[in-house]
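Down below is the structure, laid out as structure tokens.
Residue numbering restarts at 1 for every chain, and letters A, B, ... go by the order of the sequence lines. Side-chain atoms are counted along with the backbone in the values below, which use heavy atoms only and exclude waters and symmetry mates.
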Amino acid sequence: MSGGRSSIRVLNVAEKPSVAKSVATILSGNQGLRVRDGRSRYNRIFEFPYTINGQSTNMLVTSVTGHLMELEFEDRFRKWHSCDPAQLFQAPVRKFVPSDKLDIKKTLEEEARRCQWLVLWLDCDREGENIAFEVVQVCTAVNPHLTVRRAHFSALIDSNPHFSEQALIDIHEAAQNLVPPNKFFADAVDARQEIDLRIGASFTRFQTMLLRDAFVIDAGNDERNLVLSYGPCQFPTLGFVVERYWEVQSHEPEEFWVINCSHKSDEGISTFNWMRGHLFDYTCTVVIYEMCVQEPTATVTNVRKQEKLKYPPHPLNTIELEKRASRYFRMSSEHTMKVAEDLYQAGFISYPRTETDSFSQRTNLHVGAAIVEEQQGHPVWGSYAQRLLDPGAGIWRNPSNGGHDDKAHPPIHPTKFSAGERSWSQDHLKNYLDVYCFESWGGSLIPSYVLGQQFVPTSLTLDSGVTRPPPLLSEADLLSCMDKEGIGTDATMHDHIKKLLDRFYATKDANTRFSPTNLGEALVMGYDDMGYQLWKPYLRAVMERDMKAVSEGAKSKDEVLETCLHQMKSCFLDLYDQYAYYSMWKPTTVVSYVFWAVGNLGDKARLNKVKLLQAMEIFFERSNRPAGEEQHTSREVIRPCGLCQESNMVLKQNRDGNFMVGCLGYPQCRNVVWLPGSVSEAAVTTNICNSCTPGPVYLIQFKFRRLEIPPDYNASHLGCIGGCDEILKQLIEICGTGNRTSARGRVPTASSGSAQQSNSRQGACIYCHQGGHSSTDCPSQFSGHLGARSRGRNVQQSDESTISCDICGAPCALRTANTANNRGRKFYSCQSQECNFFVWEDSLNNRSVGRSGQRSTMRASASNSRQGSDRGRGGRGAARGAGVTFVSATGDPVSGRRCFVCGDPSHFANNCPNRGN
DNA sequence: GCAAGGTC
């Protein structure tokens, strides 16, 4: 930029009105500042004289409101039925200013025409840089001679009128050190936008049209308007919910044993924890417990005093605000942000969308600080604010540092005093400490001990408990998961959560805990079974890495777009194939897509599995919409069904990869021919068997797994399922079929899944919750209950139940344990997490079990000082002699315990004379 | 009617 005598006009554009106002106020020093309206009611224009590097200028400062432009497909691709969804991976897109931003665009155009320079004051992050280029595009279109520059500022400026010294310095420095805008940053966002659009639109259109018409999905009033959206943020968010739900569902309670000890003295009660925590082996625990009872005098071997500090929370950022509002007020994150926005707009709090959780060292909170001073008149915490500011009180301490700083905004804090406004709802009245009554100090008094001190425990008990499943994800948990995995931004996370509810993918209970709906679970299950990670956070993580590479210039935008979209298109086409294969259920409106897919993908299409549809089948009934047979490609049909004589039989592959030929009339007609378990591939040919009837019966080209068939059989075989094929019959006899024999559980296909996740999902059928088979092979599905599936899985379970929960009275589900100690053992358990009721099926005759923590609890009846007097004579003798050393929690004597080494009931294993023999 | 990201 060259200097000059005449004053030049500079158009300054900020990302939001509040920043425009701050920049104008600071640069003008409030001298000669004029304000006028622009065409947009929110985005005013500030004018004042200013000197940049010796050049006198006439500054105009205005703003946009976030992104000025949107990315969309060209018009001819925008209607849902305008094209094959697969085309959306390469359909032309354009960036344009949407109608609600046209007034801002007009203001920019009008002002840009009359200016020589354009200075961009967008937020200094990638999105800000991208918005900067949108502004540049609009302005240079009407004035190509504009000199374009970027102001880089990190000062924390917002609606707080008390600018810090640093803010003043920063903004002036930024104005004097203008730089060119960074195209790499903007490119990274362009890439992200295009990927999100193409993936989102293609998958959403496809799965909506496919599934909504094929199934009766009971979600909301107007099923026709139901949208089954896919998005790279919303699906991983749903994934978190479903994954936790699966963990809870597949949890098998396991009994454990624990020794508890307490000691009461004049100073109070101490409770001692067993260093081993708990054991799963009853006998071991009893032996150790026995030893304790035998010699109950305890000796203090170590005394450690530790000060426990409770720190005040870090300054508030958006995610923490949402979490705390959810935890303490049960407010949804979406509602919290609405209220926060209200308060921000009215000037009561600072900008509510920030990652920052530490106050800048330069922020003046203390001496003469408006932030605290403002609060001195408050009826509840006003006196606390006064004490804080009183140097004599000495209670001032600077807020802790949370370690995050987005360099754009301070932590969320009050900016204006209010004891409550008339228009405020209860939700607007949230505030902090002494003040912060939502956490307690906790803590308790315990007696002091000295090294070597001896005492006899007041109680020494052998207790039992059962392991419990983790709780369902709360809204705060969900926000943490998203934050940790980088799903969404602080400004959008609540939107993604709300979307799950809006789309009927998940529900939230009164405790703000999320469960997937049948729809949400089916979608995740379908994608998981296809082996795709699309419901996991990795896709977003990869995208984030790529964006970083683009913003650093290490990768080009086009390169990232091509790689990512290529991968996603492969996934899409695979899904598409599966759809084509099951095209008999497709809606007529998309008939052309099927022919397109079959025509392009050939044999592979027909061999593919149909995971998404299979997953949906588990939860939803088929729709009655006509499924015209003519839509079905003839090559997939094997033969007309001889049983119902109405439908065709087609080649299918079940969840476990086993092949079968089943009737399309299912579930009305259950005619099925299972094929050998050793089949690795099966493809329908155009060859027709000349002996089997009713025909035509198309021959199938089989490939067998070499190692699974006898050596004198050919691994390749052109076979007939009509009954004439002796080789096929022999192989079925030798290898068996895949019919309901698989024991595969819902183990995530992701090899990178955590061990915990894998373990948690061992072996349980998602449908009936029994072990030993997967949901597609669930016997319950074939027992005439199919119609009940769409009404929920629990109905199925209650049908099978024979006992009710002792706590809530609800019917229990019969499950099968799959733990090392109890594999295959059946138990009943309550569906409710609160009850935690469970009972072994084989113990029902002598029903001595019940709620966790109560059942089988052993208690030393002489667990007082009297016990000590027995010590010398040997507790063992006492146990044997009195016969009531152990009593159950209900007070009943516990009998039948015996030495596990020799079986003699007169002693325990640790005292067994045969031990070590 | 589709995504996610800004923002009012």
Without decimals, in angstroms, what is the distance between A:Trp121 CH2 and B:dT7 P?
18 Å
Using a 4.0 Å heavy-atom cut-off, does A:Thr208 contact any base of the nucleic acid, only the sugar-phosphate backbone, or nothing at all?
base
Between A:Lys323 and A:Ser480, a side-chain donor and acceptor under 3.5 Å:
yes
Which part of the nucleic acid does A:Leu88 contact within heavy-atom distance under 4.0 Å: base, sugar-phosphate only, or nothing?
nothing
If you look at every strand shown and take non-hydrogen atoms under 4.0 Å, does A:Arg126 touch a base, only sugar-phosphate, or nothing?
nothing
So, is A:His496 close to the B:dG5 phosphate, meaning a side-chain N or O under 4.0 Å from OP1 or OP2?
yes
Tell me whether A:Tyr230 and B:dA3 count as stacked here, given that the ring centres must be under 5.5 Å apart and the planes must differ by less than 30 degrees.
no
Protein-nucleotide distance (A:Lys79, atom NZ; B:dG1, atom C1'), rounded to Å:
12 Å
In whole Å, what is the span from the CG atom of A:Asp495 to the P atom of B:dT7?
12 Å
Classify the nucleic acid contact of A:Gly488 as base, sugar-phosphate or nothing, counting any heavy atom under 4.0 Å across all strands shown.
sugar-phosphate
OP1, OP2 of B:dG5 versus side-chain N and O of A:Thr492: anything below 4.0 Å?
yes
Quick one: is A:Arg78 getting a side-chain N or O under 4.0 Å of the B:dA3 phosphate, OP1 or OP2?
no
Looking at A:Ser229, does any N or O in its side chain come under 4.0 Å of the phosphate oxygens OP1/OP2 on B:dA3?
yes
Between CE of A:Met337 and P of B:dG6 the distance, given in whole Å, is 11 Å
Any N or O donor-acceptor pair linking the side chain of A:Gln234 to the base of B:dC2 at under 3.5 Å?
no
Of the candidates B:dG1, B:dA3, B:dG6, the side chain of A:Arg212 sits closest to B:dG1
A:Asn43 and A:Ser63: side chain donor to acceptor below 3.5 Å
yes
Proximity to the side chain of A:Ala491 - top-ranked nucleotide from B:dA3, B:dC2, B:dG6:
B:dG6
From the list B:dT7, B:dC2, B:dG1, which nucleotide is the closest neighbour of the side chain of A:Arg205?
B:dC2
What is the separation between atom CG on A:Asp84 and atom P on B:dC2, rounded to the nearest whole Å?
20 Å
For A:Arg192, answer base if it contacts any base atom (sugar-phosphate contacts may also be present), sugar-phosphate if it contacts only those atoms, and nothing otherwise; contact means non-hydrogen atoms under 4.0 Å.
base
Do A:Lys183's NZ or CZ and the ring of A:Phe133 fall within the cation-pi criteria of under 6.0 Å and 45°?
yes
Could you tell me if A:His494 and A:Glu475 have a donor-acceptor pair between their side chains, going purely by distance under 3.5 Å?
no
Report which part of the nucleic acid A:Gln193 touches: base, sugar-phosphate, or nothing (heavy-atom distance under 4.0 Å, all strands).
base
Contacts of A:Asp100 and A:His67 projected onto DNA chain B by closest heavy atom; the upstream (5') one is A:His67
Rounded interatomic separation in angstrom, taking CE from A:Met547 and P from B:dG5:
9 Å
Distance check: side-chain N/O of A:Lys499 vs OP1/OP2 of B:dA3, anything under 4.0 Å?
yes
Of the listed B:dG1, B:dT7, B:dG6, the closest approach to the A:Glu127 side chain comes from B:dG6
State whether A:Arg353 places a side-chain N or O below 4.0 Å from either non-bridging phosphate oxygen (OP1 or OP2) of B:dT7.
yes
Between A:Asp196 and A:Arg540, does at least one N-O distance fall below 4.0 Å, as a salt bridge requires?
yes
In whole angstroms, how far is the P atom of B:dG6 from the CG atom of A:Asp190?
14 Å
5′-ward residue of the pair A:Pro17/A:Glu194 relative to DNA chain B:
A:Glu194
How long is the line joining NZ of A:Lys95 and P of B:dA4, in whole Å?
17 Å
Out of B:dG6, B:dG1, B:dA4, which has the shortest distance to the side chain of A:His81?
B:dG1
Would you say A:Gln234 and A:Ser229 are linked by a side-chain donor-acceptor pair, where the criterion is simply a distance under 3.5 Å?
yes
For A:Leu197, which contact category applies under a 4.0 Å heavy-atom criterion: base, sugar-phosphate, or nothing?
base
May I ask you to say whether A:Glu194 pairs ionically with A:Lys557, meaning some side-chain N is under 4.0 Å from a carboxylate O?
no
With sugar-phosphate meaning primed atoms plus P, OP1 and OP2, does A:Glu72 contact a base, only sugar-phosphate, or nothing at under 4.0 Å between heavy atoms?
base
Would you say A:Thr489 reaches B:dG6's phosphate, i.e. side-chain N/O to OP1/OP2 under 4.0 Å?
yes
